[in-house]
Amino acid sequence: KHRITGELFEPSVKKPFMVLDGLWNGAVNAKTGKSTEVLVDTKNMPLIRKLVQDIDDQGSQESRRLWRHVTDNLTSKDIDAATAHKFKLEEKQRVEAKERKESGTEWEHKLFSGTISDGFVYKTPLESRLGLS
C-alpha cells in the first residue's frame, strides 16, 4: 500500500547501479551490488514544517495555489467537492495544453531547462545555491 521502489541508472547503461525498495512512510533500503543499507527511515526523522509563501503571494501556476480547493475539501472529508475541483482544474489544464499545441507554443519551465526526450535539469542546482560549485 505504501510501497516505494526504484532503480537508478547511469546514462546509457542498462543495469541499475542502485535499487531502492521500502515504504514511503517507513524505511527505504538502497541496494548497491551485494550490500544493502537503509537509505532513509522516515519514522525516525523529526517532523519539519514546510516554509511556504502565503497563497496570495504565490504565482498563478504554483501547485499549492492551484490545488488548494482540492486539498481543503479532502481535509474536510468532502470527497465529492474535492473530486469536482480536481476535475475542473485538470480540464482547464487539458484545454490550455490543447491551445498551446494548436498555436505551437512551448510550455515555459520556470525552474528547469531541457526537454522530455533529453531530460530536465534544475536551473539552480543545490551545489550552486550553497556556493559549492
Side-chain angles (χ1 to χ4, degrees):
K1 181 177 175 179
H2 302 292
R3 186 150 227 56
I4 182 172
T5 60
E7 296 178 324
L8 285 78
F9 296 87
E10 292 182 50
S12 304
V13 177
K14 294 186 187 249
K15 184 177 178 185
F17 66 86
M18 182 181 288
V19 177
L20 305 174
D21 182 52
L23 302 171
W24 64 264
N25 60 347
V28 177
N29 298 307
K31 182 176 182 182
T32 54
K34 294 181 181 178
S35 68
T36 300
E37 64 179 273
V38 176
L39 182 66
V40 66
D41 186 352
T42 59
K43 289 189 178 194
N44 293 320
M45 294 174 68
L47 183 61
I48 301 172
R49 297 199 45 87
K50 296 178 203 76
L51 297 175
V52 296
Q53 288 180 319
D54 289 335
I55 293 291
D56 293 336
D57 296 331
Q58 293 181 10
S60 63
Q61 295 298 317
E62 302 227 20
S63 58
R64 281 183 184 263
R65 183 182 196 107
L66 288 173
W67 290 88
R68 70 187 179 276
H69 300 300
V70 176
T71 302
D72 291 345
N73 283 291
L74 287 173
T75 301
S76 64
K77 300 191 183 334
D78 189 345
I79 304 303
D80 292 335
T83 301
H85 282 291
K86 178 180 179 288
F87 178 80
K88 183 178 175 183
L89 174 61
E90 290 175 336
E91 187 59 29
K92 180 179 182 281
Q93 290 175 335
R94 280 189 281 275
V95 168
E96 290 169 348
K98 182 180 177 189
E99 289 171 352
R100 282 193 306 274
K101 185 176 182 179
E102 289 172 352
S103 69
T105 304
E106 287 281 325
W107 174 261
E108 189 174 324
H109 298 276
K110 181 177 177 182
L111 301 174
F112 296 88
S113 61
T115 63
I116 290 175
S117 58
D118 295 331
F120 291 99
V121 177
Y122 194 59
K123 289 182 179 177
T124 54
L126 182 59
E127 294 89 2
S128 65
R129 287 181 284 152
L130 294 175
L132 301 174
S133 63

Search all heavy atoms of [X] against all heavy atoms of [Y] and return the closest pair with its distance.
| X | Y | answer |
| --- | --- | --- |
| E7 | P16 | CB-CB, 3.9 Å |
| K31 | G33 | CE-O, 3.4 Å |
| A30 | M18 | CB-SD, 3.8 Å |
| F17 | F9 | CE2-C, 3.6 Å |
| E62 | K110 | OE2-NZ, 3.9 Å |
| L23 | V28 | O-CG2, 3.6 Å |

Atom [atom1] of [X] and atom [atom2] of [Y]: how far apart are they, to the nearest 0.5 Å?
| X | Y | atom1 | atom2 | answer |
| --- | --- | --- | --- | --- |
| L74 | H69 | CG | NE2 | 13.0 Å |
| L66 | H85 | CG | NE2 | 13.0 Å |
| T83 | D78 | OG1 | CG | 8.5 Å |
| Q61 | E96 | CD | CD | 6.0 Å |
| N25 | I4 | CG | CD1 | 10.5 Å |

Worksheet item: So, are E91 and R94 salt-bridged, with charged N and O less than 4.0 Å apart?
Response: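 R94 and E91: salt-bridged.
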Discussion item. For E108, I'd like to know if atom CD has over 12 heavy atoms of other residues, nucleotides or ligands within 6.0 Å.
Written reply: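 Atom CD in E108 is not packed in, count stays at 12 or less.
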Does [X] share a hydrophobic cluster with [Y], counting links as ILVMFWY side-chain heavy atoms below 4.5 Å and allowing steps through other members?
| X | Y | result |
| --- | --- | --- |
| L20 | M45 | yes |
| I79 | W67 | yes |
| V19 | L8 | no |

Beyond-backbone contact of [X] with [Y], side-chain heavy atoms, under 4.5 angstrom:
| X | Y | answer |
| --- | --- | --- |
| K50 | R64 | yes |
| K98 | V95 | no |
| F87 | L89 | no |
| L111 | K123 | no |

Worksheet item: Do the side chain of R100 and the main chain of E106 share a donor and acceptor less than 3.5 angstrom apart?
Response: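 Such a contact is absent between R100 side chain and E106 backbone.
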